[in-house]
Each structure stands twice: as C-alpha cells, then as structure tokens.
Chemist: 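Below is one structure. I have some questions about it.
Quick note: residue numbers are just sequence positions, from 1.
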Amino acid sequence: MAKYGDHPPLPQRLEALLMDDVHTVFIKADCPPRVKRGTIGQLKLVEVEGADDGQWDTLRMESLQEELVGLIDEHRHRSDCFLEIDRKGCQVLQLGDLRISCAWPPFADAREITIVRPVAKLSLGEYELDQRLIDRLADHHRGVFICGRPGSGKTTLAQAIAEYLDTEIGAMVKTMEAPRDLQLADRITQYAPLEGDLEKTAEIIFLVRPDFVIFDEVRRARDFEIFADVRLAGVGLLGVTHANSALEAIQRLIGKVELGLVSQVLDTIIHVEAGKIEQVMELRMTVKPPTGMQEELARPVIEVVEFPSGKITHEMFAFGSEIAVVPVEGRETGGALSPMKTLARDQLVQIIQQWVGVQCQVQFKGESSATIYAPQNMIPTLIGKGGENVRQLQDELGGMHLNIESFDEMPESLGASSKSNWRDTSDRRSRDGKAWEQNGRGNNARKSKGNKNRR
C-alpha cells in the first residue's frame with residue numbers, strides 16, 4: 001500500500017491545494033475551493049485564498065476527473081493506484097496515500113471532488129501508552145474497538161497497532177476495509193468487500209489464517225454481526241467505529257450479539273479524542289446479583305471496568321425483556337433515586353401500563369421493597385389470582401417486595417394533586433355517576449317524585 005505522503009503528481013490546480021497541513025480538499029462546481037487544515041482534533045474548514053478564479057465550473061470539474069482517472073491507467077504498475085468504486089454518479093479512486101471521491105448528477109446536485117489524505121502517521125511508541133495496555137494489545141487474540149468522533153485519530157491509532165503487531169510481535173495481520181485507505185506496510189494485505197459483500201471477505205479471511213484483522217469502519221448492524229462472527233472464530237480483531245464514548249461503542253454492539261457472548265466478542269474499548277487515548281475500558285463476564293438486587297437472584301452480569309485501575313463503572317444484565325446498562329455508582333442523594341431503582345420504577349410503570357392500560361406511581365420503601373399506587377378498580381388485576389401477577393413482577397425485578405395500594409392512599413409528595421391523570425376512563429365515569437347521584441339535581445328529582453306519589 002502507499003507510503004505516507006507518497007502519491008502520483010496530480011493536475012497542478014489540485015496539487016496547489018494540497019498544502020502541508022491540509023487534510024481534506026473540497027471542490028464543488030461554481031463554488032470556491034475549501035480545505036480542512038490543521039492537526040488531528042484541531043482541523044478547521046477554511047476557504048483557500050486566491051484559489052477562486054471564477055472558473056471552477058462543471059466543464060473544468062469534468063476535465064479534472066478525467067485526468068484523475070487517467071492517472072490510474074498511467075500508474076497501473078503501482079499497487080496503490082486503483083479505482084475502488086465505480087457507480088452511476090460516483091467514483092472513488094485511490095492514488096497513493098490519497099482517497100479521491102468524485103460525484104456528479106443525478107447522485108449529487110452538482111459535480112464535486114473530495115480529496116482526503118492522512119494528517120499524520122504515528123508509531124505506537126509515539127502514543128506513550130501505559131505498558132500494561134501495550135502488553136494487552138500484544139496479546140493479539142482479543143476483540144478490540146477503537147472509537148471516537150470523525151477526525152479524532154481512530155484510523156491513525158489502528159494503523160499504529162497493526163504495524164506494531166506486524167513488526168514487533170510477528171503476527172500475520174490482514175485488513176477488511178470499504179474503501180481501502182489505511183496506510184500500512186506492503187506485506188499487510190488489505191481486503192475490500194468481495195463482490196460488494198464484507199461477509200464474503202470474512203469467508204476468505206478464515207482461509208488465509210491471519211492472527212489479527214483490522215476491520216475499518218464498523219457502522220451498520222450487519223458490520224457488527226460480521227465482527228462477532230470473525231471474533232468467535234478465534235481470530236484477533238480490531239474494529240474502528242464511530243461513537244462519542246467507550247460506553248456508547250459497547251451499546252452499539254448490544255442487540256446485535258447475545259448478551260452472554262458480548263465479552264467474548266469484545267473485551268477492550270479504546271476511546272480516542274484529538275489524537276490521544278482518553279479512556280480504555282475492559283469487559284468482564286461474571287455471575288452475581290447486580291448491584292441493588294438480592295443475593296439469591298444472581299445472574300450473568302457483564303462488568304464495564306476502567307483499565308488499568310480496575311474500577312467498575314457500569315453493569316450490563318438482562319432485566320425483564322430488556323438489556324440494562326446501569327451505572328454502579330450512585331445512591332439516593334437529595335431525593336433522587338439510584339440508577340437501579342430508577343430502572344426498576346420505569347420497568348414497573350411500563351409493564352403495568354401494558355397489563356391494564358393505565359399509568360401508576362411507584363414509591364420505594366427501602367433497598368428491596370416498593371409500593372405501587374394504582375386506580376382502585378385495577379388493583380385486583382394487578383394482584384392476580386392467588387397473587388400470581390405480583391409474584392411475577394417481583395421475580396422480574398430481582399425479588400423486590402411489592403405492595404399495591406390505591407391512589408387515595410398515595411402521599412402528596414408523589415403528586416397526589418394530579419392523581420386524576422392516572423385514572424382510566426371507566427374509573428372516572430364511575431366517580432362522576434356517584435357524584436351526580438349525590439348532587440342537588442338528584443335530590444330534587446327524588447323529592448318531586450315523592451310529591452307526585454302523595455298526590
């Protein structure tokens with residue numbers, strides 16, 4: 001693959017825009033050229049001074065695209081010059097270390113050319129990592145995510161890890177990319193989607209028996225499923241994905257993989273921000289009661305642990321029909337509920353509304369007991385025959401003891417002034433009917449009837 005900073009000479013108009021600190025060039029017909037320039041995490045979009053001569057029209061853009069495609073034929077002896085994607089309205093070219101995307105109508109509203117190149121190429125040693133993290137990465141039979149926002153330096157770190165495993169550890173490294181734009185040593189083979197399908201690429205990956213695979217740009221649900229399949233086959237895997245935090249990257253995997261397999265598929269998450277590693281998280285599977293539940297209700301729990309301190313920050317476990325991701329820290333302070341109790345309350349309200357069609361209110365009496373306030377006419381339904389419904393709720397909430405009372409018993413602190421909002425229609429009609437029977441009109445009607453009988 002291309003070396004950093006190495007590409008065939010472009011047409012002079014384009015080459016002049018690729019200044020030393022330019023990361024991306026944006027050219028659109030009838031618009032002044034703009035560039036993103038700066039360092040990782042500090043890129044700024046600016047208009048290029050003196051580049052707008054009023055001649056960036058559709059004809060010039062079409063001519064530049066033809067020249068770029070011609071460079072591929074001219075340098076076909078180079079393995080880093082090829083046409084990556086060719087579709088109606090769009091072409092993606094790789095010219096050395098440059099990825100060039102061209103679009104035109106009807107796909108785009110006007111012709112445009114976007115040129116992207118790496119801001120920097122770093123070795124793993126330049127990141128000044130904790131030796132314990134380096135030792136963890138050296139054990140290349142792992143599932144690793146590198147996450148961060150666009151332009152945060154995820155791909156640069158992935159390249160550094162790949163070359164470290166290749167040169168220092170002696171691991172056989174391959175990549176899965178769409179499109180291929182990692183800047184790696186020539187002996188690291190980079191695979192594109194085979195016949196447009198990364199799943200077919202994964203099938204070939206198994207045949208060539210790599211020790212470690214770099215999966216660049218894990219985005220769609222199917223990408224996460226392919227990631228899991230490759231990892232469960234025993235291949236070390238590093239995925240690059242977009243997320244604002246390490247926890248969000250974990251949550252993107254939930255639902256695509258069974259909970260019991262999550263820690264086998266993914267055990268290390270590295271969050272990158274502005275070219276630096278901000279946080280490293282580790283996933284551990286254990287069997288225990290989640291924090292706040294009773295001991296006898298132990299279940300599989302995935303602990304989200306800060307690395308290398310070992311501090312547990314979140315727990316993931318099955319809670320009813322949902323997968324819960326709950327912060328471990330946080331008790332009631334200033335009247336606020338702990339994360340576990342908040343989750344239990346929301347689950348209770350949701351289940352009861354599905355059962356009887358009305359909302360309720362929940363008040364916790366202690367660590368393992370709560371009272372449910374509901375409309376009077378719905379209490380028998382909530383209790384169930386022989387108390388079976390209550391027992392089911394208690395089991396789903398980890399053995400929490402539940403009492404059921406009517407809204408009339410609910411304390412004012414829980415919003416008794418708005419209790420009417422929680423009653424159902426039939427309950428309200430029943431109350432309205434009773435009130436009518438007791439009002440003045442009802443009494444007058446009865447008096448008139450009595451006088452008529454006396455006559």
Chemist: Indicate whether the side chain of Q190 and that of R180 have a donor and an acceptor atom separated by less than 3.5 Å.
Modeler: no
Chemist: Counting heavy atoms not belonging to E258, are there more than 12 under 6.0 Å from its CD?
Modeler: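 No.
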Chemist: List the atom of Q279, the atom of A246, and the distance in Å for their closest heavy-atom pair.
Modeler: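 What the structure gives for the nearest pair is OE1-CB, 3.8 Å.
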Chemist: Report the residues that fulfil side chain to side chain donor-acceptor pair (under 3.5 Å) with R222, sequence neighbours left out, ordered by chain and then residue number.
Modeler: E199, E225
Chemist: How would you list, by chain and number, every residue that makes a salt bridge (Lys or Arg N to Asp or Glu O under 4.0 Å) with D211, sequence neighbours excluded?
Modeler: none
Chemist: Identify whether the distance between the nearest side-chain nitrogen and carboxylate oxygen of E282 and R284 falls below 4.0 Å.
Modeler: yes
Chemist: Measure the CD1-CG distance between I302 and D267 for me, rounded to the nearest 0.5 Å.
Modeler: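 Spacing of CD1 (I302) from CG (D267) equals 11.5 Å.
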Chemist: Let me see the working for E306 and V280 under side-chain contact (heavy atoms from CB on, under 4.5 Å), right down to the final yes or no.
Modeler: CA-CA 6 Å; E306 286 186 351; V280 180; over 6 Å; no
Chemist: How would you list, by chain and number, every residue that makes a salt bridge (Lys or Arg N to Asp or Glu O under 4.0 Å) with K276, sequence neighbours excluded?
Modeler: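 Here no residue qualifies.
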Chemist: Would you indicate whether the side-chain heavy atoms of T175 and L184 approach each other to under 4.5 Å?
Modeler: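 With C-beta onward as the side chain, the pair touches.
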Chemist: Taking all non-hydrogen atoms of both residues into account, name the closest pair between C81 and I72 and its distance.
Modeler: O-CG2, 4.2 Å
Chemist: Just jot down the salt bridge (Lys or Arg N to Asp or Glu O under 4.0 Å) partners of D229, sequence neighbours excluded, or say none.
Modeler: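 D229 satisfies salt bridge (Lys or Arg N to Asp or Glu O under 4.0 Å) with no other residue.
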Chemist: At what distance, to the nearest 0.5 angstrom, does NE2 of H23 lie from CG of L18?
Modeler: 11.5 Å
Chemist: What residues form a side chain to side chain donor-acceptor pair (under 3.5 Å) with D130, not counting sequence neighbours?
Modeler: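 Partners of D130 under the side chain to side chain donor-acceptor pair (under 3.5 Å) test: R132.
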Chemist: So, R117 and D97, do they make that salt bridge, N to O below 4.0 Å?
Modeler: no
Chemist: Quick one: closest heavy-atom pair of W104 and C102, and the distance?
Modeler: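 Here W104 and C102 meet closest at CZ3-O, 3.8 Å.
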Chemist: Does R299 use its side chain to pair, donor to acceptor, with the backbone of A318 at less than 3.5 Å?
Modeler: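 Judged by distance alone, yes, a pair lies under 3.5 Å.
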Chemist: Who pairs with D223 by side chain to side chain donor-acceptor pair (under 3.5 Å), at least two apart in sequence or on another chain?
Modeler: none
Chemist: Atom CD1 in I269, atom SG in C147: separation rounded to 0.5 Å?
Modeler: 8.0 Å
Chemist: More than 12 heavy atoms of other residues, nucleotides or ligands under 6.0 Å from NZ of K36: yes or no?
Modeler: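 12 or below, so no.
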Chemist: Got a salt bridge between K288 and E303, using NZ or NE/NH1/NH2 to carboxylate O under 4.0 Å?
Modeler: yes
Chemist: List the atom pairs, donor and acceptor, that lie under 3.5 Å between side-chain atoms in residues 230-244 and the rest of the protein, sequence neighbours left out.
Modeler:
from	atom 1	to	atom 2	distance (Å)
R231	NH1	V235	O	3.2
R231	NH2	H141	O	3.2
T241	OG1	V218	O	2.8
T241	OG1	R252	NH1	3.2
H242	NE2	E217	OE1	3.1

Chemist: For the atom pair CG (L247) and CE (M281), what is the distance rounded to the nearest 0.5 Å?
Modeler: 7.0 Å
Chemist: Does R149 offer a backbone N or O that forms a donor-acceptor pair with the side chain of K154 under 3.5 Å?
Modeler: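 Present.
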Chemist: Please tell me whether R136 and T268 have a donor and an acceptor in their side chains that are separated by less than 3.5 angstrom.
Modeler: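 Note: R136 and T268 side chains meet the donor-acceptor criterion.
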Chemist: Considering non-hydrogen atoms only, spot the tightest contact between Q183 and P118 and give its length.
Modeler: CG-CG, 3.6 Å
Chemist: If you define the side chain from C-beta out and look only at heavy atoms, does anything of V272 sit under 4.5 Å from Y127?
Modeler: no
Chemist: Apply side-chain contact (heavy atoms from CB on, under 4.5 Å) to V46 and R37, showing your working.
Modeler: CA-CA 8 Å; V46 297; R37 60 191 311 174; 3.7 Å; yes
Chemist: Assess the side chains of Q91 and D86: does a donor N or O sit below 3.5 Å from an acceptor N or O?
Modeler: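 Checked: Q91/D86 side chains pair up, N/O donor to acceptor below 3.5 Å.
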Chemist: Considering only heavy atoms from C-beta outward, does the side chain of L68 approach that of L95 to under 4.5 Å?
Modeler: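 In contact.
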Chemist: Enter the distance from M61:CE to T58:OG1 here, rounded to the nearest 0.5 Å.
Modeler: 8.0 Å
Chemist: Is there a donor-acceptor contact under 3.5 Å from the side chain of E203 to the main chain of I205?
Modeler: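 Not confirmed, E203 side chain does not pair with I205 backbone.
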Chemist: Report yes if the side chains of Q65 and E62 come closer than 4.5 Å at any heavy-atom pair, otherwise no.
Modeler: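 They are not in side-chain contact.
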Chemist: Quick one: are W56 and I113 in side-chain contact, heavy atoms under 4.5 Å?
Modeler: no
Chemist: With D216, which residues qualify under salt bridge (Lys or Arg N to Asp or Glu O under 4.0 Å), at least two apart?
Modeler: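 So D216 forms no salt bridge (Lys or Arg N to Asp or Glu O under 4.0 Å) with any residue.
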Chemist: Restricting to ring-ring contact (aromatic ring centres under 6.0 Å, His included), what partner residues turn up for F227, sequence neighbours left out?
Modeler: F145
Chemist: Do any side-chain atoms of residues 160-173 form donor-acceptor pairs under 3.5 angstrom with protein atoms, and if so which ones, sequence neighbours left out?
Modeler:
from	atom 1	to	atom 2	distance (Å)
E163	OE2	K121	NZ	3.2
E163	OE2	A185	N	3.0
D166	OD1	R187	NE	3.3
D166	OD2	R187	NE	2.9
D166	OD2	R187	NH2	3.3
T167	OG1	E163	O	2.6

Chemist: Of all heavy-atom pairs between E15 and L10, which one has the smallest distance, and what is that distance?
Modeler: OE1-N, 2.9 Å
Chemist: Can you check whether F224 reaches V265 side chain to side chain, under 4.5 Å on heavy atoms?
Modeler: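 F224 does not reach V265 side chain to side chain.
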Chemist: Any idea which heavy atoms bring L17 and P33 closest together, and the distance?
Modeler: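 The pair with the smallest heavy-atom distance is CD1-CB, 4.2 Å.
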Chemist: Within the 4.5 Å heavy-atom criterion, are L253 and I250 side-chain neighbours or not?
Modeler: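 Side chain of L253 against side chain of I250, heavy atoms only: no contact under 4.5 Å found.
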Chemist: Please confirm whether the backbone N or O of I27 pairs with a side-chain atom of E112, one donor and one acceptor, at under 3.5 Å?
Modeler: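 Judged by distance alone, no pair lies under 3.5 Å.
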Chemist: For I100 and V116: C-alpha separation, side-chain torsions, deciding distance, then whether side-chain contact (heavy atoms from CB on, under 4.5 Å) applies.
Modeler: CA-CA 6 Å; I100 304 176; V116 180; over 6 Å; no
Chemist: Using the rule given for side-chain contact (heavy atoms from CB on, under 4.5 Å), can you reason through D6 versus R78, listing the C-alpha separation, both sets of side-chain angles and the distance that settles it, and then say yes or no?
Modeler: CA-CA 11 Å; D6 177 27; R78 292 182 54 160; 3.2 Å; yes
Chemist: Could you tell me whether D30 and R111 make a salt bridge, using a distance below 4.0 angstrom between a side-chain N and a carboxylate O?
Modeler: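 Salt bridge between D30 and R111, a charged N being under 4.0 Å from a carboxylate O: no.
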Chemist: Would you say E177's side chain and L182's backbone share a donor-acceptor pair under 3.5 angstrom?
Modeler: yes
Chemist: With sequence neighbours left out, write down each residue that passes side chain to side chain donor-acceptor pair (under 3.5 Å) with E126, or none if nothing qualifies.
Modeler: S123
Chemist: Drop me the distance from I226's CD1 to T201's OG1, to the nearest 0.5 angstrom.
Modeler: 8.0 Å
Chemist: Could you walk me through whether Q94 and R99 pass the side-chain hydrogen bond (donor to acceptor under 3.5 Å, both in side chains) test, one step at a time?
Modeler: CA-CA 5 Å; Q94 191 72 37; R99 186 181 72 233; 5.9 Å; no
Chemist: What do you reckon, is CD of E128 surrounded by more than 12 foreign heavy atoms closer than 6.0 Å?
Modeler: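 Not more than 12 within 6.0 Å, no.
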Chemist: Under the side-chain contact (heavy atoms from CB on, under 4.5 Å) test, which residues partner R34, sequence neighbours left out?
Modeler: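 Here the qualifying residues are L45, E47.
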